[in-house]
Amino acid sequence: MPHVSPSPAPALFLHDSQRRATVPFQPLDPAHIKVYYCGPTVYDLAHIGNLRAMLTADVLVRLLRTLYPRVTFVRNITDVDDKITARARANGEDIGALTQRTTAEFHQDLASLGVLPPDIEPRATHNIGEMQAMIARLIENGHAYAAQGHVLFSVGSFPSYGALSGRNPDELEAGARVEVAPYKKAPGDFVLWKPSDADQPGWDSPWGRGRPGWHIECSAMSHRYLGDSFDIHGGGSDLLFPHHENERAQSLCCFPHSQFANYWVHNAMLLVDGEKMSKSLGNFLTIRDVLAQAPAEALRLLLLGTHYRSTLNYTQAGLNEARKTLDRFYRALSSVPDVPATPVPQTVLAALAEDLNTPRAIAELHVLANQAMGGDREAAGALKAGGALMGLLQGDPAQWFRGESSAEEDAAIENLITERLAAKKARDFTRADALRDQLQAQGIVLEDTKDGTNWRRA
RNA sequence: GGUCCGGUGGCAGAAUGGUGAUGUAGCGGACUGCAAAUCCGCGUAUGUGGGUUCGAUUCCCGCCCGGACCUCCA
């Protein structure tokens, strides 16, 4: 019954932040989709808010790969930043050591969540030359100016400044909470290049030894790896302004006849227990904090359980529920012998094609799981295939239920189960229940079936 | 202050101008020695006040509440 016949791919709709509407996705070149995401600034462990953006990108890219023959996904590493310099100093650590270590930790964390690596992962420090070339070009074009060792982008030189984030540059000044640096011609002008002290990282440049401003790196790297126009640029909604607005301004002024990013995808923020995650509130959660108390897949399912454009409230209860949901999904998969390889079910694909509606896609997985539970092998295959599209359900069910355990542990458990079965056979239920309680105390749950007793970890 | 987003059952979370998914929790039942798992059944929701409409949860306006951004936070 489930949808194994090849069907035409559904049309992809995406919510574009700039158009402020959900619109049909029309690739620049259907033969090759190009996606750029802002990656992490590597000075500390990634938190679950960072993860949300990475997961949104992951599902988007997985979906694009099923709809189009070729996708190039670029996600940068920001390895030069004043936060990095400050942290390295605080740690008494070399900057390179800090960024390398943090990058490795980032990769490990994402890998444990099943987030596929980008095709290209450029580092800012490897692209200083490209940044300088863009800055020089912006100065030539009259869009930037040097002042007191800084180079600043002149916001007034770009009429459509503010179009992405829906801001009026004149109104920005009114509520500005930051002091305007004296070398700025206009308050909204932002730094492309800034001078470095001897103890700050720096590179020689026509404007003196210095380092790039934050925004120019993404313009330089997206241009180098994707060209002056590409399909999708994504990131957290907090990057919309000023980061993405500024990127757009730089890139369009540098390459006036380009489109830069054709679609902008922004995920909403995440709360923890209803409050903004912050170190001072004590509710700051790194990916590793969560993985210490639940399987990575449960975290993944939890984060995909809310649409990416809605605020997501992370709670322990939600994490537990995600875990129970996976129990059911894996139980459905294991209820069917030899789950067949099946195309992605249309119901799941259609949900994701509507602006990455992962909650609806997961609801469709429940429908398939219910069918699989009733013995429908095709549904089980579809469940697994649909899960794969979201990076879920690719594990071994036995592994899911039993987790990591040694052969000795397993043997000990099996022994107690055998003993209990003997007691049951002798109708010594007191003894049998005592053995079951003993296992329960170890976190082992028993399930008696016609064919014997199964066990799993609670 | 400016701009923007949201308020759906106990909880999580979709959708929609015409009887509101999916899950979880709860209740009842089947199965079980008892459980666990599974299956069957049940109930409960559109913040508030107006407007448009034959009909509004959906569109419009006010109000209340929550959240985001407003120069380097995903």
So A:Y308 and A:T358, side chain to side chain contact (heavy atoms under 4.5 Å, CB included) or not? Walk me through it.
CA-CA 8 Å; A:Y308 75 94; A:T358 51; over 6 Å; no

Does a side-chain N or O from [X] land closer than 4.0 Å to OP1 or OP2 of [N], or not?
X      : N     : result
A:R328 : B:U38 : yes
A:K83  : B:C72 : no
A:K276 : B:C69 : yes

Determine the contact category for [X]: base if any of its heavy atoms lies under 4.0 Å from a base atom, sugar-phosphate if only primed atoms, P, OP1 or OP2 are that close, otherwise nothing.
X      : result
A:A363 : base
A:L240 : nothing
A:L446 : base
A:H243 : nothing
A:M54  : nothing
A:N454 : nothing
A:K424 : base
A:G49  : base
A:D428 : nothing
A:R323 : nothing

In whole Å, measure the gap between the [atom1] atoms of [N] and [M] for me.
N     : M     : atom1 : answer
B:C69 : B:G55 : P     : 42 Å
B:C4  : B:U52 : C1'   : 26 Å
B:G6  : B:C61 : P     : 13 Å
B:G49 : B:A14 : C1'   : 27 Å
B:G23 : B:G41 : P     : 12 Å
B:C63 : B:C27 : C1'   : 39 Å
B:G17 : B:G50 : P     : 24 Å
B:U24 : B:U16 : C1'   : 23 Å

Tell me the partner of [N], counting only Watson-Crick (N1-N3 plus N6-O4 or O6-N4) or G-U wobble (N1-O2 and O6-N3) with both under 3.5 Å; none if nothing fits.
N     : value
B:G66 : B:C5
B:G26 : B:C42
B:C54 : B:G18

By nearest atom, which of the nucleotides B:A37, B:U38, B:G2 is closest to the A:R456 side chain?
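Nucleotide nearest to A:R456's side chain: B:A37.
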
Nearest to side-chain heavy atoms of A:M373, which nucleotide of B:A14, B:C39, B:G33:
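When the side chain of A:M373 is considered, B:C39 is the closest of B:A14, B:C39, B:G33.
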
Is the shortest side-chain N to carboxylate O distance from [X] to [Y] below 4.0 Å?
X      : Y      : result
A:D44  : A:K83  : no
A:R19  : A:D16  : yes
A:K324 : A:D327 : no

Polar pair under 3.5 Å, donor/acceptor by atom type, side chain [X], base [N]:
X      : N     : result
A:K194 : B:C72 : yes
A:R436 : B:A35 : yes
A:H307 : B:A14 : no

Distance under 6.0 Å and angle within 45° of the ring axis: does A:K185 meet both against A:Y145?
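Cation-pi check for A:K185 and A:Y145: passes.
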
Plane angle bin for A:F241 and A:Y161 - parallel if under 30°, tilted between 30 and 60°, otherwise perpendicular
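Aromatic pair A:Y161/A:F241 classed perpendicular.
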
Parallel, tilted or perpendicular: which fits the ring planes of A:W264 and A:H244, with parallel below 30° and perpendicular above 60°?
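The arrangement is tilted - the two ring planes meet at 30° to 60°.
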
